[in-house]
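Quick caveat: nothing in here was measured; it's all calculated off a predicted structure. No hydrogens, no waters, no symmetry mates; every other heavy atom, side chains included, goes into these values. A note on names: the letters A, B, ... follow the listed sequences, proteins ahead of strands, and every chain is numbered from 1.
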Amino acid sequence: MSTPLRSVEDLETIVDADSHVAESVDDIVEYIDGDRFSGSLEILSHSTNPVMDVYSNSLPTPGFVDRGYEIDDVHAKFDQLEEFGITHALIGPTTNLNIASVDNPQLALALANGYNSWVLEEFIERHDRLYGHVLVPHHKPDRAVEEIERLADRPSIRGIYLPGTGTVPPLGDERYDPIYEAASEHDMPVVVHASIGASHTMFPTQTMWNETYAEEHVITHPFTHMWNLTTMLLRGVPERFPDVTFVFQEAGVGWIPYLLWRLDDHYLQFADELPYLEKLPSEYVRDQFYFTTQPLGHTAHNGRHLAWAIEMAGPESIMYSSDLPHTDFDPPEELFDRIRPAFDDDVVAGIMGETAAEVFDLE
Amino acid sequence: MTTRHRVANVDEFTDDPDRVIREVDGLEVGVFFVDGEYYALANYCVHQGAPLCEGRVTGEMDVDENWEWEYDHDPCVVTCPWHEWKFDLETGVNVSDDRYVTPTFETAVEDDTVYVLR
Ligand code: FES
């Protein structure tokens, strides 16, 4: 780093490691492979309310006031990122964050197929600093691998995107090994994203007992990651796949140190149950796991507290994300201003973008 | 320089495994008799200071080629009575994290007397 970092403008690279498009079902249906998924296309054509009768989503209340995201094409998407000084972005879906709760595995696969082709052709292959992932439903891991094989060689594809919420059994289950195997073969990170809509009948939260969107939203994201991360670590996924890196998105950072303390403590106490591991769970996290920062939460009372949380979680594992265009997004300054006084410039530059550039092999 | 300290007579070990806990030169030491061998460890858990050698002596869990549990019944581990950390009887090394090590001592048997070298 040549010039000392004074403001966010001094950063050469700001990577949004968890950015979104806002696809409709109509958008992606046109991109579903008609030969392979003719039956699913026929069924989808009868849907009058896909949020319910395809995705099986429900929420306690409508929640966010504004969902008119107005990023209908790649230019609008990149303009919005540029407005916040973001130089590169890793793109994920919105509607298809909830692909885990699609009850029918054929429909889930068809929707992933359509979303992947749509986002490639309409967004990420139209801009040299937008990248994406192969979205795969968890229902049938072997079929998920076929979708990975279809797209892994496309240069804009930089990861394998697995739903986190509504994913039962959780991601430590050995049925997902073929997906991790594919990640290892293609040298791509596995990206796990939490989402609120998919949780209504499944752990970690259940709509019937949450009375507001706010309650459900507070709980769903960190609980989702805690369950998946715990099962992956304690069942030895990173031990079996030592070349694979894992990126957990959209639960902030405050929950990480708490969980790591707890995992290490349980690992030391329950050695008989956990012979799979060769080192502390927190050491696997240090070596193979990453977390994106949004939503930081309300950290304005004392900005140092956020820096301490990042210090405890491990600054090398932390990557800035905006979540744009969703209305709980974090601009880069919100993170930068809190971490700049606490860390060396190269650590700050790492968190703001250099680490993501390395993990996702960005130009 | 190590000195030989008498800790017990062999007939004080009536079971297999069995143990005695004795003070040796100002330090409490647990002497374990397992399958014809004697092992000596400090009676002090490096986690929070529990009397480690009062814990259960057990076999050890491993993982087989199918990534399933495989239990070795040969007694080789002592489990701390406080928070269940497990230490190898022979090396004193924690089975989960080898940065935690209980001091161990050599033993000797002569004329039916068990000694700890310290
Ligand atoms: S004192 Fe021995 S495990 Fe805690």
Side-chain angles (χ1 to χ4, degrees), chain A residues 141 169-184 190 228-244 246 257-289 314, chain B residues 17 19 30 32 34 39 41-104:
Chain A
L171 292 172
D173 193 284
E174 69 178 12
R175 79 182 57 195
Y176 304 117
D177 280 5
I179 295 173
Y180 304 141
E181 192 79 59
S184 174
V190 172
N228 284 314
L229 184 57
T230 297
T231 60
M232 289 168 90
L233 287 167
L234 297 191
R235 299 180 200 183
V237 170
E239 178 64 33
R240 291 205 303 283
F241 299 97
D243 305 330
V244 179
F246 301 89
Y258 165 75
L259 189 74
L260 296 186
W261 284 342
R262 204 163 160 76
L263 283 165
D264 284 355
D265 176 67
H266 282 65
Y267 168 63
L268 287 160
Q269 178 148 19
F270 298 99
D272 274 358
E273 288 185 357
L274 307 169
Y276 314 109
L277 309 190
E278 295 292 333
K279 56 190 175 190
L280 295 173
S282 64
E283 293 175 304
Y284 289 101
V285 168
R286 176 197 65 201
D287 295 342
Q288 287 174 254
F289 288 75
Chain B
R19 88 199 74 186
F32 295 84
V34 179
Y39 305 100
L41 289 86
N43 186 28
Y44 182 87
C45 179
V46 293
H47 179 220
Q48 294 289 328
L52 171 67
C53 296
E54 293 175 10
R56 295 195 317 135
V57 175
T58 64
E60 191 180 1
M61 190 66 80
D62 204 348
V63 60
D64 69 12
E65 67 276 9
N66 297 317
W67 207 251
E68 289 177 356
W69 288 329
E70 183 174 56
Y71 196 66
D72 176 0
H73 288 274
D74 290 344
C76 57
V77 164
V78 58
T79 299
C80 179
W82 282 9
H83 314 104
E84 305 180 5
W85 287 21
K86 294 171 181 59
F87 295 86
D88 187 280
L89 279 176
E90 197 174 336
T91 64
V93 176
N94 184 288
V95 302
S96 305
D97 186 341
D98 59 17
R99 283 166 295 202
Y100 295 107
V101 185
T102 310
T104 57

Tyr258(A), OH: over 12 other non-hydrogen atoms inside 6.0 angstrom: no
Ignoring hydrogens and geometry, is there a side-chain-to-backbone donor-acceptor pair from Tyr276(A) to Val63(B) under 3.5 Å? no
Check Lys86(B) against Gln269(A) and note the closest heavy-atom contact, atom names and distance. NZ-O, 3.5 Å
Would you say the side-chain atoms of Trp67(B) pair up with the backbone N or O of Arg235(A), donor to acceptor, closer than 3.5 Å? yes
Could you check whether atom CD of Glu90(B) has more than 12 heavy atoms from other residues, nucleotides or ligands sitting under 6.0 Å from it? no
Value rounded to 0.5 Å, distance of CH2 in Trp69(B) from CG in Asp272(A): 9.0 Å
What residue in Arg240(A), Lys279(A), Glu174(A) has the most heavy-atom pairs under 4.5 Å with chain B? Arg240(A)
Chain B contact via Leu280(A) - side chain, backbone, both or neither, heavy atoms under 4.5 Å: side chain
Roughly how far, to the nearest 0.5 Å, is CZ of Phe270(A) from NE2 of His83(B)? 11.5 Å
Contacting moiety of Asp98(B), where chain A heavy atoms sit under 4.5 Å: neither
Report the distance from atom CG of Asp264(A) to atom CG of Asp97(B), rounding to the nearest 0.5 Å. 8.5 Å
